[in-house]
Structure formats: structure tokens, C-alpha cells
Amino acid sequence: MSLLAERGVRWTVQRYAVLEYLCEHRDHPTAEDIYRGLKERLPAISRATVYNTLELLKEHGLVKELVIEKERARYDFDTSEHVHLKCRVCGRVYDLGVPPPSVSAEAEGHRVEELVCYAVGVCRGCREEEGA
């Protein structure tokens, strides 16, 4: 609750539940994953509430939206700058734990506002299955 208040976000059961879900599920869930995960516990929650809450949390810097796939965004509770890996075999997204490359705020006369960096490859689990 205090994390929401610290960022000036009014506390509601739904907002807390979405933030808690992201904190407990560090596998970069989609909005639909979050909705399905909360629906049993909060039967009255709607998809619109989940999407609106994610947008609010993103605007206040409490979560990070990852646009790695064209058809859906994923969300990360860890807002620190780090690189993600999208496994081309299983489709999961992992934290790599390495910082993204640095780019100056001004590059060749352009103003850089955001750096989006992710890797595509094969995760450890899929590599182990390939080797079996």
C-alpha cells in the first residue's frame, strides 16, 4: 500500500491486487494473464480495470511496459534498466540482469527519450531440452 501512496496513487483493492500480482509473478505477464490470475480472487474485476490500472501504474513509474511482441504488451515490476530475453522456442520473456547499452541523451542532433533493448534467443530450459 505504501508504494502506491509514495507515488501519489490512490489505493484501491484492484490497484493493490494488480501491483501485488506483478510483484509475485516476475515472468512478465500480459494484461490478460493478470486478469485471469485475479478473476478468481476478485470476481468483479474487469479487463478494463486491469488495463486502466496498468496504465496508471506505468504513468507513475511503478511498473514497466515491455513491447517485445507486436500483438501484446508485457509488464515488469522491476523498473530498473535491464535487458530482457525473448525465447523464440517457448515464447517466455526473461530478465538477463545486464544493463542496456548506453546512449547519450543527444545523438547526432536527435534527442533520445527512451532506449528499448531486448534480445531474442533460446532460453536455458529450451536449450537443455534441445540437448536431451
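The basis for the numbers below is simple: all heavy atoms, side chains too, and nothing from hydrogens, waters or symmetry mates.
Side-chain contact between Leu85 and Val120 is absent, with no heavy atoms from C-beta onward closer than 4.5 Å. Annotation: side chain of Leu56 is in contact with side chain of Val9 (closest heavy-atom distance under 4.5 Å). For the pair Thr79/Leu62, no side-chain contact is recorded, criterion being any heavy-atom separation below 4.5 Å from C-beta on. Between Leu54 and Leu22 there is a side-chain heavy-atom pair separated by less than 4.5 Å.
Remark: Glu69 engages Arg72 in a salt bridge, criterion side-chain N to carboxylate O under 4.0 Å. In this structure, Glu128 does not pair ionically with Arg124, as no charged nitrogen and carboxylate oxygen lie closer than 4.0 Å. With respect to Arg47 and Glu32, a salt bridge is recorded, a charged nitrogen being found less than 4.0 Å from a carboxylate O.
The number of heavy-atom neighbours closer than 6.0 Å to CD of Glu24, taken from other residues, nucleotides and ligands shown, is above 12.
Between the side chain of Thr49 and the main chain of Ile45, no donor-acceptor pair closer than 3.5 Å is present. In this structure a side-chain-to-backbone donor-acceptor pair under 3.5 Å is missing from Lys64 to Lys58. Under a 3.5 Å cut-off, the side chain of Arg15 and the backbone N or O of Arg10 do form a donor-acceptor pair. A donor-acceptor distance shorter than 3.5 angstrom exists from the side chain of Arg26 to the backbone of Cys23, with no hydrogens or angles considered.
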Determine, step by step, whether Asp33 and Thr30 satisfy the side chain to side chain donor-acceptor pair (under 3.5 Å) criterion, reporting the C-alpha distance in whole Å, the side-chain angles of both residues, the deciding distance to 0.1 Å, and the verdict.
-> CA-CA 5 Å; Asp33 294 334; Thr30 65; 3.1 Å; yes

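In this structure, CG in Leu38 is found 11.5 Å from OG in Ser46, a value given to the nearest 0.5 Å. The CZ atom of Arg36 sits 13.0 Å away from the NZ atom of Lys39 when rounded to the nearest 0.5 Å. A distance of 11.0 Å separates OH in Tyr75 from OG1 in Thr53, rounded to the nearest 0.5 Å. Note that CG of Asp27 is 14.0 Å distant from CZ of Phe77, once rounded to the nearest 0.5 Å. A distance of 5.5 Å separates CG of Leu4 from CG of Leu19, quoted to the nearest 0.5 Å.
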Show me the donor-acceptor pairs within less than 3.5 Å that the side chains of residues 90-102 make with the rest of the protein, sequence neighbours left out.
residue : atom : partner : partner atom : Å
Asp95   : OD1  : His28   : NE2          : 2.9
Asp95   : OD1  : His82   : NE2          : 2.9
Asp95   : OD1  : His84   : NE2          : 3.1

